[in-house]
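See below for the structure under consideration.
Within every chain, numbering begins at 1; the chains are lettered A, B, ... in the order of the sequence lines, protein sequences first and strands thereafter. Heavy atoms only: backbone and side chains are in, while hydrogens, waters and symmetry mates are out.
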Amino acid sequence: MSRYFVTTAISYPNGRPHIGHAYEVIATDWLARFARLDGRDTYFMTGTDEHGLKIAQAAREEGVEPQAFVDGMVQHFVAMCDRLNISRDRFIRTTDPDHKAVVQALWTKLVEAGDIYLDRYEGWYSVRDEAYYDEDELSTSDDGTKLAPTGTEVAWTVEESWFFRLSRFQEPLLKLYAEQPNFVQPTNRLNEMKAFVERGLKDLSISRTSFDWGVPVPESPGHVMYVWLDALTNYLTPSGWPAAGWEARWPADLHVIGKDVVRFHAIYWPAFLMSADLPLPRKIFGHGFVLNRGAKMSKSLGNIVEPMSLADTFGVDPLRYYLLRAIQFGQDGEWSHEAIGRRINADLANDLGNLAQRTLSMIAKNCDNAVPPDGPATEADTTLLAEVSTMLADARAAHEQVRPDLALDAIWARVSAVNLYLNEMVPWTLRKTDPARADIVLYHAAEAIRRIALLVQPAMPESAAKLLDQLAIAADARSFASFDAKLMPGTPLPAPQGVFPRWVEPEVE
RNA sequence: GGCGGGGUAGCUCAGCUGGUUAGAGCACAGGAUUCAUAACCCUGAGGCCGCGGGUUCAAGUCCCGCCCCCGCCA
């Protein structure tokens with residue numbers, strides 16, 4: 001059985017989760033659920049990146065210890081996962097004891113490899129940004145203080161720091177990109193990484209002495225690890241490396257991340273792993289951002305909408321569906337209240353929901369509440385089933401490409417095909433003239449809906465389950481292994497109920 | 001500033017190596033129908049294909065210039 005280990009980036013819990021967090025975790029959940037249903041040994045991990053100066057500062061402002069601060073904040077992220085039906089196998093926290101142990105082991109391994117050395121780091125440092133800036137990036141404010149491009153105050157800072165010999169990995173990384181052009185996707189991101197590496201790599205400062213909220217550097221009092229080494233290593237943690245048996249859960253098949261952190265995942269992370277002589281993840285996918293009416297959400301614009309409130313308004317499954325279907329994965333996308341409402345009506349209520357309802361209610365009224373009898377198939381019947389049966393291959397291809405939107409496109413093309421089939425076969429008319437033929441038509445429609453519902457599961461688990469319940473599909477017959485099975489005529493069916501109600505804009509008081 | 005991507009119907013986008021009347025979905029209008037969640041199905045309207053030159057029998061598709069947007073880097 002093939003393994004599938006997929007991760008999201010870990011979130012920085014210095015604020016509450018926003019729709020960007022929801023988007024990434026929903027998309028990755030789709031990937032994981034799909035792989036699981038497709039019979040793969042799947043492990044899906046998401047979590048939080050809890051160290052660093054900004055967390056320490058936020059905690060101080062609230063007058064609590066950093067650990068207490070993150071313990072509180074992380075609950076919002078866990079609650080979001082619960083609410084959005086995120087089927088993670090582990091919610092990892094960089095404050096977890098096993099994670100700290102793995103990070104320290106990795107550090108030691110990098111030291112042994114000769115890729116870590118002690119030096120001094122100095123430069124213009126912004127406490128707020130937790131970053132150093134070059135002289136020519138700075139501006140000077142009216143009162144003479146130096147400002148970073150982000151507008152925050154910087155001060156000349158000198159600190160002792162451990163460095164990682166990133167420069168040594170320029171050629172190996174370029175070789176990697178050349179040999180595995182799918183290592184980073186979409187391709188334009190790969191090209192950006194190539195260009196970046198070709199310009200030359202500077203060694204990387206990987207420890208700090210200016211604060212202590214981090215994983216301590218082994219045998220180096222006063223130093224904590226630079227956040228990216230700590231954070232990236234979370235992916236390795238569940239393997240238990242270097243303890244025996246780690247190969248069972250490493251390397252990852254896919255890291256799903258935002259386009260803003262591609263560099264860390266596509267350059268630093270592979271370099272760390274190469275230094276430690278560990279296998280590399282198979283693929284890194286940088287998705288786009290989801291904007292509210294094309295504008296980034298911000299406190300000053302007052303347009304922050306929390307994902308939980310969208311789930312309250314539209315329902316979890318419709319929200320998941322919108323984000324997965326309406327945005328090309330890898331591109332930026334937008335959402336609006338109206339756009340989600342339109343999608344719900346056009347795709348869920350009118351197309352799939354109505355298809356299920358018209359089919360199931362005809363069966364309920366005319367077929368004794370049971371799967372209708374099958375019989376000699378016409379060309380139209382076999383054509384329909386042939387078209388529907390190729391849907392699985394299309395969806396698998398989309399999954400391989402990390403394109404949930406394309407998978408849903410492929411599924412909805414079949415939804416339309418079944419609606420058209422019914423219109424052409426007119427079973428409601430046949431009922432009066434040729435009831436046996438009407439049954440056969442309904443049988444084929446129901447069978448097509450069964451297959452569609454199977455493939456809808458990763459996107460809308462609860463709604464798909466309702467559809468499958470109405471077709472009396474057993475729990476152990478809902479994986480893709482049962483895709484080519486057939487409905488058993490005569491199987492008793494429950495009373496049909498609408499699964500996707502129309503979205504009606506609430507009356508404005 | 002350097003490198004890269006893009007500007008096609010109201011919206012989101014397809015249009016491969018140049019070749020018949022430029023396509024899809026949504027939204028909109030009309031029709032048909034009534035099994036169904038006023039849904040499904042059919043038809044239609046709607047495009048100086050960013051702007052200006054050029055190459056060619058023929059350019060959304062190639063070349064040059066310009067304008068605008070986005071990404072990476074500086």
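The distance between atom CD1 of A:Ile449 and atom P of B:C40, rounded to the nearest whole Å, is 15 Å. Rounding to whole angstrom units, CG of residue A:Asp351 and C1' of B:C40 are separated by 8 Å. Atoms CG (A:Asp409) and P (B:C13) sit 13 Å apart, rounded to a whole Å. If you take CG of A:Asp332 and P of B:C13, they are 10 Å apart, rounded to a whole angstrom. For the pair A:Leu201 CG and B:C73 P, the interatomic distance rounds to 12 Å; values are reported in whole Å. Nucleotide B:G2 holds its C1' atom 15 Å from the CZ atom of A:Phe196, rounded to whole Å. If you take CD1 of A:Ile344 and C1' of B:A27, they are 16 Å apart, rounded to a whole angstrom. Regarding A:Lys194, its NZ atom lies at a distance of 17 Å from the C1' atom of B:G71, rounded to whole Å.
Distances from the side chain of A:Leu420 to the nucleotides B:C41, B:C72, B:A36 place B:C41 closest. With distances taken from any side-chain atom of A:Asn354 to the nucleotides B:C35, B:G71, B:A36, the minimum falls on B:A36. Closest to the A:Arg263 side chain, of the nucleotides B:G71, B:C73, B:A27, is B:C73. Side-chain proximity of A:Asn350 to B:C26, B:C41, B:A39: nearest is B:A39.
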*Check the pair A:Thr46, A:Thr7 against side chain to side chain contact (heavy atoms under 4.5 Å, CB included), reporting the backbone distance first and the verdict last.*
CA-CA 6 Å; A:Thr46 186; A:Thr7 71; over 6 Å; no

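The side-chain heavy atoms of A:Leu273 and A:Pro279, taken from C-beta on, include no pair separated by under 4.5 Å.
In this model, the phosphate group of B:G71 is not approached by any side-chain N or O of A:Asn188 to a distance below 4.0 Å at OP1 or OP2. Look at A:Arg502 and you'll find a side-chain N or O under 4.0 angstrom from OP1 or OP2 of B:A39.
Base contact: A:Val499 has a heavy atom under 4.0 Å from a base atom. Residue contacts for A:Ala349: at a heavy-atom cut-off of 4.0 Å it reaches a base atom on one of the strands shown. Using a 4.0 Å heavy-atom criterion, one finds that A:Arg343 contacts no nucleic acid atom at all. Residue contacts shown for A:Asn191 are absent, as no nucleic acid heavy atom lies under 4.0 Å away.
Atom C1' of B:G15 sits at a distance of 34 Å from the matching atom of B:G1, rounded to the whole Å. Taking the P atom of each, B:C48 and B:U37 are spaced 42 Å apart, rounded to whole Å. Atom C1' of B:U56 sits at a distance of 42 Å from the matching atom of B:A29, rounded to the whole Å. Using atom C1' as the reference point in both B:G47 and B:G7, the two lie 14 Å apart (nearest Å). Going from the P atom of B:G25 to that of B:U43 covers 10 Å, rounded to whole Å. Taking atom C1' on both nucleotides, B:C3 is separated from B:C11 by 32 Å, rounded to a whole Å. One P atom belongs to B:G46, the other to B:A9, and the distance between them is 14 Å to the nearest Å. With both ends at atom P, the span from B:G60 to B:C66 equals 22 Å, rounded to whole Å.
A salt bridge links A:Arg282 with A:Asp253: the closest approach of a Lys/Arg side-chain nitrogen to an acidic carboxylate oxygen falls below 4.0 angstrom. Under 4.0 Å is where a charged nitrogen must lie from a carboxylate oxygen, and between A:Glu179 and A:Lys175 at least one such pair does. The residues A:Asp409 and A:Arg414 are annotated as not salt-bridged, no charged nitrogen and carboxylate oxygen being separated by less than 4.0 angstrom. The pair A:Arg83-A:Asp312 counts as a salt bridge, with a side-chain nitrogen and a carboxylate oxygen less than 4.0 angstrom apart.
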Under the rule of Watson-Crick or G-U wobble with both distances under 3.5 Å, where | means paired to another strand and [ ] a crossing pair, RNA chain B maps to (((((((..((((.....[...)))).((((.........)))).....(((((..]....)))))))))))).

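In this structure a side-chain-to-backbone donor-acceptor pair under 3.5 Å is missing from A:Thr28 to A:Val25. Side-chain N or O atoms of A:Asn366 include one that pairs as donor or acceptor with a backbone N or O of A:Met362 at under 3.5 Å.
A:Phe289 carries A:Lys259 over the face of its six-membered ring, with the cationic atom under 6.0 Å from the centre and within 45° of the normal. Judged by the 6.0 Å distance and 45° axis criteria, A:Arg451 is positioned over the aromatic ring of A:Phe483.
Remark: the A:Asp381 side chain and the A:Tyr421 side chain contain an N/O donor-acceptor pair separated by less than 3.5 Å.
For the ring pair (Phe, Tyr, Trp, His ring centres under 6.0 Å) criterion with A:Phe314, the lone passing option out of A:Trp503, A:Trp335, A:Phe500 is A:Trp503.
Judged by closest nucleotide on RNA chain B, A:Ser361 is the one of A:Arg199 and A:Ser361 placed further toward the 5' end. Comparing A:Gln328 and A:Lys365 along RNA chain B, the residue whose closest nucleotide (by nearest heavy atom) sits nearer the 5' end is A:Gln328.
A:Gln180 CD: more than 12 foreign heavy atoms inside a 6.0 Å radius.
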All N/O pairs under 3.5 Å across the protein-nucleotides 22-24 of chain B interface:
none

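In this structure, A:Tyr268 has its ring center at least 6.0 angstrom away from the ring center of A:Phe164.
Taking a 4.0 Å limit (strictly below) on heavy-atom distances, residues 423-434 of chain A reaches RNA chain B at A:Asn423, A:Trp428.
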